[in-house]
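Notes to accompany the following structure.
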Amino acid sequence: MPLPEASSTASAKARGLLLGVTLGDAMGAAFEGHRHVDGEQLLQQERATTRLRYTDDTALTLALARHLAERSNPAPIDEDSLAVELAREWQREPWRGYGRGTREVFERVLRGTAWPEASGGGFQGRGSYGNGAAMRVAPVALVGTSPQHVVELARRSARVTHAHPDGQLGAMPQSCAVFLALHSDPEVPLERGRFLHRLARTVNHAEWRSRLEEVRELLDEASPASAAARLGNDATAGASVPLALLAFLRHPDHPAEAVRYAIRAGGDTDTTAAMAAAPTAARTGERGLPSAWLNRLENAATIGALAEALAERVPRCR
Ligand code: R7I
Ligand code: MG
Ligand code: MG
C-alpha cells in the first residue's frame, strides 16, 4: 500500500496528529466528567476566545513524542528512561489533571522504584486499567513500520505505568488506528468495515474483538448519548477507546466533527476527544484542523516543531 510520498505530506500528517490530540484534549477538558454535553454548551466553548489549555493527555503524549524523537529505529522505546521521563513531566506540571493511579506510579518511580514494580503496585497489586496509556500512545504510529510493530511499541510504552493487561490492550487498537489512518489516502473514502477488521486482527484479543464488533454495530446510527450508553465513556481503557474509535469512524475526514461527537458523548471528554482526533487528524493532516481552534492553542508552535522532527521518521513503505 502506498504511503505518504512527499515528506511535506508526512510533515502535514504528523503535525495533524500531534496538534489534533492537543486540540481534542483542550476542547474536551472543559467538559470532563459531565454526564451530557449539549450542542449549545459546546458552541459556546467553540466561540470563546480564551486560551485553549491542554491536560495530562497531551503532556504525556508530548513526553512520549520527545522520547521517540531522541531515539532511532528499530528500538525507539527504552522503558527505563521512558518511565522516568513521564514521571518528570508530571513533576514539572502536576496541575494538568493526572489520574490518581498514574500519579502514584510516578511518585514511586521518582523515589527510585523500578518501573515494573512501580507500575504493578497500584489497584491492589494488579495495576491500572485506566485509559492513561491509550490517551498518550498516538506518536508511536509515527515511528512504527507495520501494524504489528506499532502495537508492540504501544504495549511497551503502556506498561511503564499500566501493568494491568487491559490498560495496555487499550493502547493497542488506538495506536493501530492512528497508524492505519496516517497511512491512508484522504482522497480515498475510508473503508470502515475493513479498517475495524484490521484492528481486530492486529490486536487479536477476544474481549477487544467484541468491543470492536460493538463499534461496528454503531457505525451508521448511534447518537453520541446512545453510543456512550452502549460503549461506556469513563476513564478506563475498555470504556473509552471504543467510543473514541467510533467518533473517528463516524467522521474520518473531519477532525472537528469527531471531537464534537466524542465531547457530546460526555464522560471522559478530554481523553475521548483527544483519542478521536488522533487518527482523524493524522488522516487529514493539519489542514483538517479548524484554524480558529489552533489560534487559541497554547504551545502550538513547539508542538508543531516536535511533529516535524518525528515526521522524518515516518516510513515510506511497509
Ligand atoms: O489511566 P490514568 O492515567 O487516567 C487517565 C485519565 C484521563 O481521563 C486523563 O484525562 C486524567 O483525567 O485521568 O490514571 P488511573 O488512575 O490509573 O486510571 C484512571 C481511572 O481508571 C481510575 O481513577 C479508576 O477510576 C479507573 N481504574 C480502576 N478502577 C478500579 N480498578 C483503573 N484501574 C482500575 C482498577 O484496577
Ligand atoms: Mg486529562
Ligand atoms: Mg480525561
Side-chain angles (χ1 to χ4, degrees), residues 20-35 37 45 52-64 82-83 85-109 115-138 154-155 157-172 174-175 207 228 231-244 247 259 262-278 297-299:
V21 168
T22 312
L23 280 177
D25 175 19
M27 291 300 289
F31 306 102
E32 190 181 24
H34 289 210
R35 262 182 76 119
V37 179
Q45 160 76 340
L52 279 173
R53 300 221 175 269
Y54 57 77
T55 79
D56 59 322
D57 305 48
T58 299
L60 293 182
T61 301
L62 299 178
L64 176 56
L82 179 62
E85 288 161 25
L86 297 178
R88 287 201 180 129
E89 179 56 39
W90 162 71
Q91 192 179 38
R92 199 172 68 85
E93 297 182 331
W95 42 266
R96 291 225 188 243
Y98 284 77
R100 184 177 55 83
T102 295
R103 268 188 341 247
E104 290 171 5
V105 172
F106 290 156
E107 280 167 6
R108 289 192 279 274
V109 166
W115 66 263
E117 196 187 324
S119 168
F123 297 100
Q124 290 87 44
R126 291 173 311 150
S128 170
Y129 53 72
N131 57 17
M135 76 188 185
R136 68 174 184 243
V137 79
R155 194 179 63 80
S157 73
R159 67 185 180 183
V160 301
T161 49
H162 289 68
H164 195 289
D166 223 40
Q168 297 171 25
L169 277 158
M172 292 161 71
Q174 174 64 16
S175 63
E207 202 170 339
L231 300 173
N233 63 0
D234 66 27
T236 63
S240 58
V241 172
L243 178 63
V259 164
I263 293 175
R264 292 288 304 272
D268 192 2
T269 49
D270 61 332
T271 304
T272 52
M275 293 194 295
L297 185 63
E298 67 168 321
N299 293 342

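For ligands, and for the atoms within them, numbers begin at 1 and follow the listed sequence. Everything quoted here is computed from the prediction, not taken from an experiment. This chain uses plain numbering: 1 for the first residue, then up along the sequence.
- In this structure, atom 36 (O) of ligand 1 lies nearest to the protein heavy atom Tyr129 CE2, 3.2 Å.
- For the residue pair Thr161 / Arg136, a side-chain donor-acceptor distance below 3.5 Å is found, with atom types taken as modelled.
- The distance from ligand 1 to the heavy atoms of Asp270 drops below 4.0 Å at these ligand atoms: 10 (O).
- With a heavy-atom cut-off of 4.0 Å, His164 does not touch ligand 1 at all.
- Taking every non-hydrogen atom of Gly127 and a distance limit under 4.0 Å, the qualifying atoms of ligand 1 come out as 36 (O).
- Here Phe123 has side-chain heavy atoms under 4.0 Å from ligand 1, and that is the only part of it that gets that close.
- At least one N/O/S atom of Asp56, from backbone or side chain, sits under 2.8 Å from the Mg ion (ligand 2).
- Of the charged side-chain nitrogens involved, none lies within less than 4.0 Å of a carboxylate oxygen, so that Arg53 and Glu93 do not count as a salt-bridged pair.
- Taking only nitrogen or oxygen atoms, main chain and side chain alike, Met135 does not reach within less than 3.5 Å of ligand 1.
- Taking the N/O/S atoms of Glu32 in turn, the shortest distance to the Mg ion (ligand 3) belongs to OE2.
- Aromatic ring orientation, Tyr129 versus His164: perpendicular (interplanar angle above 60°, classes split at 30° and 60°).
- Nearest to atom 19 (C) of ligand 1 among the protein's heavy atoms is Ala235 O, 3.7 Å.
- Put simply, Thr58 stays out of reach of the Mg ion (ligand 2), with no N, O or S atom under 2.8 Å from it.
- Ligand-side atoms of ligand 1 in range of Asp56: 9 (C), 10 (O), 11 (C), 13 (O), range being under 4.0 angstrom from any heavy atom.
- Counting just the N/O/S atoms of Asp270, the one with the shortest distance to the Mg ion (ligand 3) is named OD1.
- Within the coordination shell of the Mg ion (ligand 2), defined by N, O or S atoms under 2.8 Å, Asp57 is present.
- At least one side-chain heavy atom of Leu64 sits under 4.5 Å from a side-chain heavy atom of Leu82.
- Not one N/O/S atom of Asn131, from backbone or side chain, sits under 2.8 Å from the Mg ion (ligand 3).
- With respect to atom 32 (C) of ligand 1, the closest heavy atom belonging to the protein is Gly130 N, 3.3 Å.
- You'll find the side chain of Phe31 reaches within 4.5 Å of the side chain of Gln45, heavy atoms only.
- The protein non-hydrogen atom at the shortest distance from atom 4 (O) of ligand 1 is Asn131 OD1, 3.8 Å.
- Side chains of Tyr54 and Asp270: a donor-acceptor N/O pair is absent below 3.5 angstrom, by distance only.
- The closest protein non-hydrogen atom to atom 26 (C) of ligand 1 is Thr236 CG2, 3.9 Å.
- At a cut-off of 3.5 Å, with distance as the only test, no side-chain donor of Asp268 or Ser240 sits close to an acceptor on the other residue.
- Residues Thr271 and Asp25 have side chains not in contact (no heavy-atom distance under 4.5 Å, counting atoms from C-beta outward).
- The presence of a protein heavy atom under 4.0 Å from atom 15 (P) of ligand 1 is confirmed.
- Asp268 contributes atom OD1 as its closest N/O/S atom to the Mg ion (ligand 3).
- Ion pairing between a basic and an acidic side chain is recognised when a charged N comes within 4.0 Å of a carboxylate O; Glu85 and Arg88 show no such pairing.
- Counting atoms of ligand 1 from 1 in the listed order, those under 4.0 Å from a heavy atom of Asp57 are 9 (C), 10 (O).
- Contact annotation: for Glu32 versus ligand 1, heavy atoms closer than 4.0 Å belong to the side chain alone.
- Thr269 places a side-chain N or O within donor-acceptor distance of the main-chain N or O of Glu32, the cut-off being under 3.5 Å.
- Between the side chain of Ser119 and the backbone N or O of Ala163 there is at least one donor-acceptor pair closer than 3.5 Å.
- Looking at Arg100 and Glu104, a side-chain N of the basic residue comes within less than 4.0 Å of a carboxylate O on the acidic one, giving a salt bridge.
- Atom 2 (P) of ligand 1 is approached by the protein to below 4.0 angstrom, counting heavy atoms only.
- Under a 4.0 Å criterion applied to the non-hydrogen atoms of Ser128, ligand 1 contributes the atoms 15 (P), 17 (O), 18 (O), 32 (C), 33 (N).
- For the pair His162 and ligand 1, a heavy-atom separation below 4.0 Å is found.
- The shortest side-chain heavy-atom distance between Trp90 and Glu107 falls under the 4.5 Å cut-off.
- For Leu297 against Thr22, the heavy-atom pair with the smallest separation is CD1-CG2, 3.7 Å.
- Contacts between Gln124 and ligand 1 below 4.0 angstrom, taking non-hydrogen atoms only, are absent altogether.
- Within the 3.5 Å criterion, the main-chain N or O of Ala154 finds a donor-acceptor partner in the side chain of Ser157.
- Close contacts of ligand 1 with Gly97, meaning ligand atoms under 4.0 Å from a residue heavy atom, involve 11 (C), 12 (O).
- Scanning the protein heavy atoms around atom 7 (C) of ligand 1, the nearest turns out to be Thr271 OG1, 3.2 Å.
- In this structure the side chain of Val105 never reaches within 4.5 angstrom of the side chain of His162, judged on heavy atoms.
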